[in-house]
Amino acid sequence: MLRTHTCGDLSKQHIGERVTLCGWVQSVRDHGGVIFINLRDRYGETQIVCDPRRDQESHREAERVRKEWVVRASGVVEARPPESLNPNMATGEIEIACDKLETLSVAQTPPLEIDDSKVANEEIRLRYRYLDLRRPSMQRNLTIRHRVAQAVRQYLSDRGFLEIETPLFVRSTPEGARDFVVPSRLYPGRFYALPQSPQLYKQLLMVAGVDRYFQLAPCFRDEDQRADRQPVHTQIDLEMSFVDEADVFEVVEGIVATAFKAGSGIEVATGFPRMSYQEAIDRYGLDKPDTRFGMELIDYTDLVADCGFSIFSKAVANGGQVKGLNIKGGATMPRREIDELGEFVKIYKAKGLAWMRVTDDGLESSIAKFFTEQELTAIRERAQAEPSDLLVFVADTPKVVATSLGWLRNHLARKLDLIPDDVYNFIWITDFPMFDWNEEENRWEPMHHMFTMPKQEDMQFLASDPGRVKGRLYDLVLNGMELGSGSIRINRPDIQAEVMNVIGMDRAEAERRFGFLLKAFDFGAPPHGGFALGLDRLVAQIAQAESMRDVIAFPYASGVSLVDGSPAEIDEQQLRELRIRVVGTEGDQK
RNA sequence: GGAGGCGUGGUGUAGUGGUUAACAUGCCUGCCUGUCACGCAGGAGAUCGCGGGUUCGACUCCCGUCGCUUCCGCCA
């Protein structure tokens with residue numbers, strides 16, 4: 001080794017020892033005589049003191065040294081003078097009295113500052129990711145991610161799960177997101193897809209008798225960018241045989257608690273509360289409710305069905321709802337900001353946001369005149385309104401009402417600072433509908449995927465009323481974010497056939513796409529179920545990172561790797577081998 | 001596919017229809033023996049993303065375009 005210790009190792013107990021450290025120069029403070037160098041590595045920072053009275057040669061080198069140079073410093077660990085102790089530094093009680101300073105590598109001035117208090121913009125950070133990652137907070141994130149992954153592996157291994165890798169070149173399926181596709185050279189005109197998840201393979205492993213499987217699986221989805229999404233992300237993917245929901249919940253809760261403990265030391269109480277999908281929608285508007293604050297949705301539908309305000313009464317007459325929020329203390333919100341809330345809900349297809357200010361004298365609003373005194377009183381009581389509150393309303397289809405108010409609620413919580421720090425509200429969302437009606441294509445489609453087992457008591461409605469059928473599927477939500485999802489799967493061909501029937505997939509099509517799985521089920525498939533947790537999202541929470549990208553070493557920006565510039569064109573020769581011709585780029589199509 | 005935001009020295013920001021384009025930090029030089037966001041003095045560094053238009057005059061206003069970003073659609 002070129003060093004005897006790291007830059008985080010040394011403390012008072014090493015005083016008097018002769019040591020050698022290697023690292024990057026974080027800062028140089030030249031006092032004309034003595035020069036202080038802060039030397040940084042993954043483990044910390046240590047002050048190197050170059051005093052010309054001790055050693056002239058190393059002092060001369062210290063005058064030359066610049067930030068981010070890689071150097072090696074030898075000397076004796078000394079206690080700092082009492083007035084020079086630095087309590088803000090882990091190694092602040094000691095310093096290295098340097099008598100040998102060696103430059104291992106010089107560095108150009110970096111295009112961004114290696115400083116947690118001066119973070120550059122995302123594009124620069126990603127292009128020079130190797131510099132961005134030098135920052136202590138990023139090193140910390142990478143470390144936390146590693147510890148979480150290790151702990152999860154250990155946890156699952158201890159419970160009999162086998163870590164098994166599944167193929168990364170799989171058959172493309174039109175379900176779900178768009179696939180990333182890889183051309184085959186040996187079989188021109190044919191393509192592999194990168195897996196969106198190991199779903200089908202892990203089910204095959206259950207048929208194979210593996211009983212308990214897990215994998216930290218890379219998953220690929222060709223979707224448009226979102227703050228909490230990456231084209232490549234990692235799932236803690238697991239599957240278990242002979243289980244029901246409670247067994248899966250127990251394991252997943254254990255994983256989460258283990259991960260938090262390992263990553264941040266935070267103790268998570270298991271036995272997460274459960275809430276049905278319908279209750280989540282009714283009370284919070286979203287299937288991933290943030291339960292860290294109140295301001296739940298208030299249903300006025302029955303009160304305003306026959307009111308004089310036609311926007312409300314018509315919405316009800318058309319099968320819609322009128323719901324709203326009570327923004328406590330919001331009456332002082334200026335008109336301009338209320339209008340902004342109106343603009344906000346329009347994103348979610350709401351036509352507008354009605355509002356009333358609650359005053360000592362009653363409800364003050366341009367729409368108050370359309371309501372009778374009794375109606376206004378009823379609204380106030382329903383909202384438990386107090387003077388200085390602001391009531392807002394959306395009247396629309398149940399879906400628009402829920403979505404717009406649900407997101408408005410989250411938006412307001414952030415804006416009004418209603419979200420407490422350091423609270424981790426886990427919640428299981430259960431009893432999802434099996435199917436979702438696709439307006440455009442006029443057909444039912446699976447809410448989760450087509451291998452989800454319907455609830456026993458709803459099985460009878462599969463043919464007659466698919467919308468009524470609930471599935472044995474569940475999401476885990478943390479602070480309003482979906483951490484993962486899973487289900488109990490279908491293991492019987494007859495039920496599978498019925499489900500495929502609902503979504504309008506005939507035997508031939510099913511055979512073509514999933515024939516291998518259906519075939520497997522003919523040979524004795526155990527009841528099984530599983531879950532997939534988003535590792536990136538989980539670690540981001542544990543590390544309290546601003547963004548999921550902060551816990552991924554080399555994330556993508558809009559599907560582009562700013563580090564290596566991919567995706568990139570390939571050689572003509574490669575294209576020929578693959579029998580691929582590029583017929584046009586976006587600009588010259590159409 | 002659609003909507004919004006941003007784009008100004010290396011980096012992060014400020015800015016106004018007429019400026020010498022400001023500030024911080026970084027960089028370079030000099031001074032300084034106890035700093036640790038060291039300090040002090042000086043210096044270099046920007047055709048204000050790109051193209052077009054309006055105007056006597058555009059970094060500023062308008063249109064287009066590119067890039068990044070957030071969101072809708074899409075998607076666990």
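Remember, predicted model here, so these are calculated numbers, not experimental data. Naming: A, B, ... by sequence-line order, numbering from 1 per chain.
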J.: Only counting residues at least two apart or in another chain, list the ones meeting side chain to side chain contact (heavy atoms under 4.5 Å, CB included) with Ser485(A).
T.: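 Expected list: His448(A), Asp475(A), Glu482(A).
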
J.: Could you identify the nucleotide paired to A46(B), looking across every strand shown and requiring Watson-Crick or G-U wobble geometry with both distances under 3.5 Å?
T.: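 Pairing partner: none.
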
J.: What integer number of Å spans the C1' atoms of G57(B) and U70(B)?
T.: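 Approximately 36 Å lies between the C1' atom of G57(B) and that of U70(B).
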
J.: Rounded to the Å, how far apart are Trp407(A) CH2 and A3(B) P?
T.: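 Taking atom P of A3(B) as the reference, CH2 of Trp407(A) is at 22 Å.
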
J.: Taking N and O atoms by type only, does the side chain of Asn38(A) place a donor or acceptor under 3.5 Å from a partner on the base of C36(B)?
T.: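 Not at all, since no donor on one side and acceptor on the other fall under 3.5 Å apart.
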
J.: Choose from G10(B), U33(B), A76(B) the nucleotide whose nearest atom is closest to any side-chain atom of Glu482(A).
T.: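 Nearest to the side chain of Glu482(A) among the choices is A76(B).
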
J.: When you compare A14(B) with G7(B), how far apart are their C1' atoms, in angstrom units rounded to a whole number?
T.: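 Result for the C1' pair: 15 Å, nearest Å.
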
J.: Is it true that, when you exclude Glu340(A) itself, more than 12 heavy atoms of the residues, nucleotides or ligands shown sit nearer than 6.0 Å to its CD?
T.: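 Enclosed: over 12 neighbouring heavy atoms sit under 6.0 Å from CD of Glu340(A).
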
J.: List for me each residue that meets ring pair (Phe, Tyr, Trp, His ring centres under 6.0 Å) alongside Trp24(A), sequence neighbours excluded, and say none if there are none.
T.: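 Result, ring pair (Phe, Tyr, Trp, His ring centres under 6.0 Å) vs Trp24(A): none returned.
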
J.: Please tabulate the protein-to-nucleotide N/O contacts below 3.5 Å involving nucleotides 29-31 of chain B, giving atom names and distances.
T.:
{"residue": "U29(B)", "atom": "OP2", "partner": "Arg66(A)", "partner atom": "NH2", "Å": "3.2"}

J.: Got a sec, which residues hit salt bridge (Lys or Arg N to Asp or Glu O under 4.0 Å) with Lys202(A), two or more places apart in sequence or on another chain?
T.: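 Applying salt bridge (Lys or Arg N to Asp or Glu O under 4.0 Å) to Lys202(A) gives Asp237(A), Glu239(A).
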
J.: Taking ring pair (Phe, Tyr, Trp, His ring centres under 6.0 Å) as the cut-off, I'd like each qualifying pair that reaches into residues 36-63 of chain A, sequence neighbours left out, listed once.
T.: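 Sorted pair list: His31(A)-Phe36(A).
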
J.: Which residue is it: Asp431(A), Val252(A), Ile488(A)? I am looking for the one with a side-chain contact (heavy atoms from CB on, under 4.5 Å) to Tyr474(A).
T.: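 Testing Tyr474(A) for a side-chain contact (heavy atoms from CB on, under 4.5 Å) against Asp431(A), Val252(A), Ile488(A) leaves exactly one candidate, Ile488(A).
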
J.: Work out how far the C1' atom of A46(B) is from that of G9(B), and round it to whole angstrom.
T.: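 Here A46(B) and G9(B) have their C1' atoms 5 Å from each other.
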
J.: When the P atoms of C48(B) and G43(B) are compared, how many Å lie between them, rounded to an integer?
T.: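 Pairwise P distance, G43(B) against C48(B), rounds to 25 Å.
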
J.: If you check every side-chain atom of Thr109(A), which of G1(B), G34(B), C27(B) has the closest atom?
T.: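 For the Thr109(A) side chain, the nearest candidate turns out to be C27(B).
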
J.: Quick one: does Glu113(A) reach the base of G12(B) with a side-chain donor-acceptor pair under 3.5 Å?
T.: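 Absent.
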
J.: By salt bridge (Lys or Arg N to Asp or Glu O under 4.0 Å), which residues pair with Arg409(A), not counting sequence neighbours?
T.: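 Per chain and number, Arg409(A) pairs via salt bridge (Lys or Arg N to Asp or Glu O under 4.0 Å) with no residue.
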
J.: Using the P atom as the point on both nucleotides, what is the distance between G45(B) and G10(B), in whole Å?
T.: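 These two P atoms come out 11 Å apart once rounded.
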
J.: Think Arg29(A) has a side-chain N or O under 4.0 angstrom from the OP1 or OP2 of C38(B)?
T.: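 Yes, within the criterion.
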
J.: Phe220(A) vs Phe180(A) aromatic rings, parallel, tilted or perpendicular, using cut-offs 30° and 60°?
T.: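 The rings of Phe220(A) and Phe180(A) stand perpendicular, inter-plane angle above 60°.
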
J.: Looking only at N and O atoms, is any donor in the side chain of Arg80(A) or the base of U35(B) less than 3.5 Å from an acceptor on the other one?
T.: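 Yes, the side chain and the base share a sub-3.5 Å donor-acceptor pair.
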
J.: What residues form a salt bridge (Lys or Arg N to Asp or Glu O under 4.0 Å) with Arg178(A), not counting sequence neighbours?
T.: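 Testing Arg178(A) for salt bridge (Lys or Arg N to Asp or Glu O under 4.0 Å), a comparison that skips the adjacent residues, returns none.
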
J.: Tabulate atom names and distances for all N/O pairs under 3.5 angstrom spanning the protein and nucleotides 68-71 of chain B.
T.:
{"residue": "U69(B)", "atom": "OP2", "partner": "Ser558(A)", "partner atom": "OG", "Å": "2.8"}
{"residue": "U70(B)", "atom": "OP1", "partner": "Arg549(A)", "partner atom": "NH2", "Å": "2.7"}
{"residue": "U70(B)", "atom": "OP2", "partner": "Gln225(A)", "partner atom": "NE2", "Å": "3.0"}
{"residue": "C71(B)", "atom": "OP2", "partner": "Ala227(A)", "partner atom": "N", "Å": "3.0"}

J.: May I have the distance from Ile35(A) (atom CD1) to C36(B) (atom P), rounded to whole angstrom?
T.: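 Result: 16 Å.
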
J.: What I want to check is whether an N or O donor and acceptor connect the side chain of Arg221(A) with the base of C74(B) at under 3.5 Å.
T.: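 By the distance-only test, no, there is no pair.
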
J.: Does A14(B) have a Watson-Crick or wobble partner in any strand here, with both distances under 3.5 angstrom, and which is it?
T.: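 Its partner is none (no Watson-Crick or G-U wobble pair with both distances under 3.5 Å).
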
J.: Would you please name every residue forming a salt bridge (Lys or Arg N to Asp or Glu O under 4.0 Å) with Asp30(A), sequence neighbours left out?
T.: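 With sequence neighbours excluded, Asp30(A) shows a salt bridge (Lys or Arg N to Asp or Glu O under 4.0 Å) to no residue whatsoever.
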
J.: List every contact pair, protein side and nucleotides 40-45 of chain B side both N or O, where the distance is under 3.5 Å.
T.:
none

J.: Please name all residues satisfying side-chain hydrogen bond (donor to acceptor under 3.5 Å, both in side chains) with Lys415(A), sequence neighbours left out, ordered by chain then number.
T.: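 With sequence neighbours excluded, Lys415(A) shows a side-chain hydrogen bond (donor to acceptor under 3.5 Å, both in side chains) to Glu337(A), given in chain and number order.
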
J.: Mind checking Gln235(A) for me? I need base, sugar-phosphate or nothing, with any heavy atom below 4.0 Å counting as a touch.
T.: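 Sugar-phosphate contact only - Gln235(A) comes under 4.0 Å of backbone atoms but never of a base.
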
J.: Please table the atom pairs, donor to acceptor, closer than 3.5 Å between any side-chain atom in residues 545-559 of chain A and protein atoms at least two apart or in another chain.
T.:
{"residue": "Ser547(A)", "atom": "OG", "partner": "Arg549(A)", "partner atom": "N", "Å": "2.8"}
{"residue": "Arg549(A)", "atom": "NE", "partner": "Glu122(A)", "partner atom": "OE2", "Å": "2.8"}
{"residue": "Asp550(A)", "atom": "OD1", "partner": "Arg125(A)", "partner atom": "NH2", "Å": "2.9"}

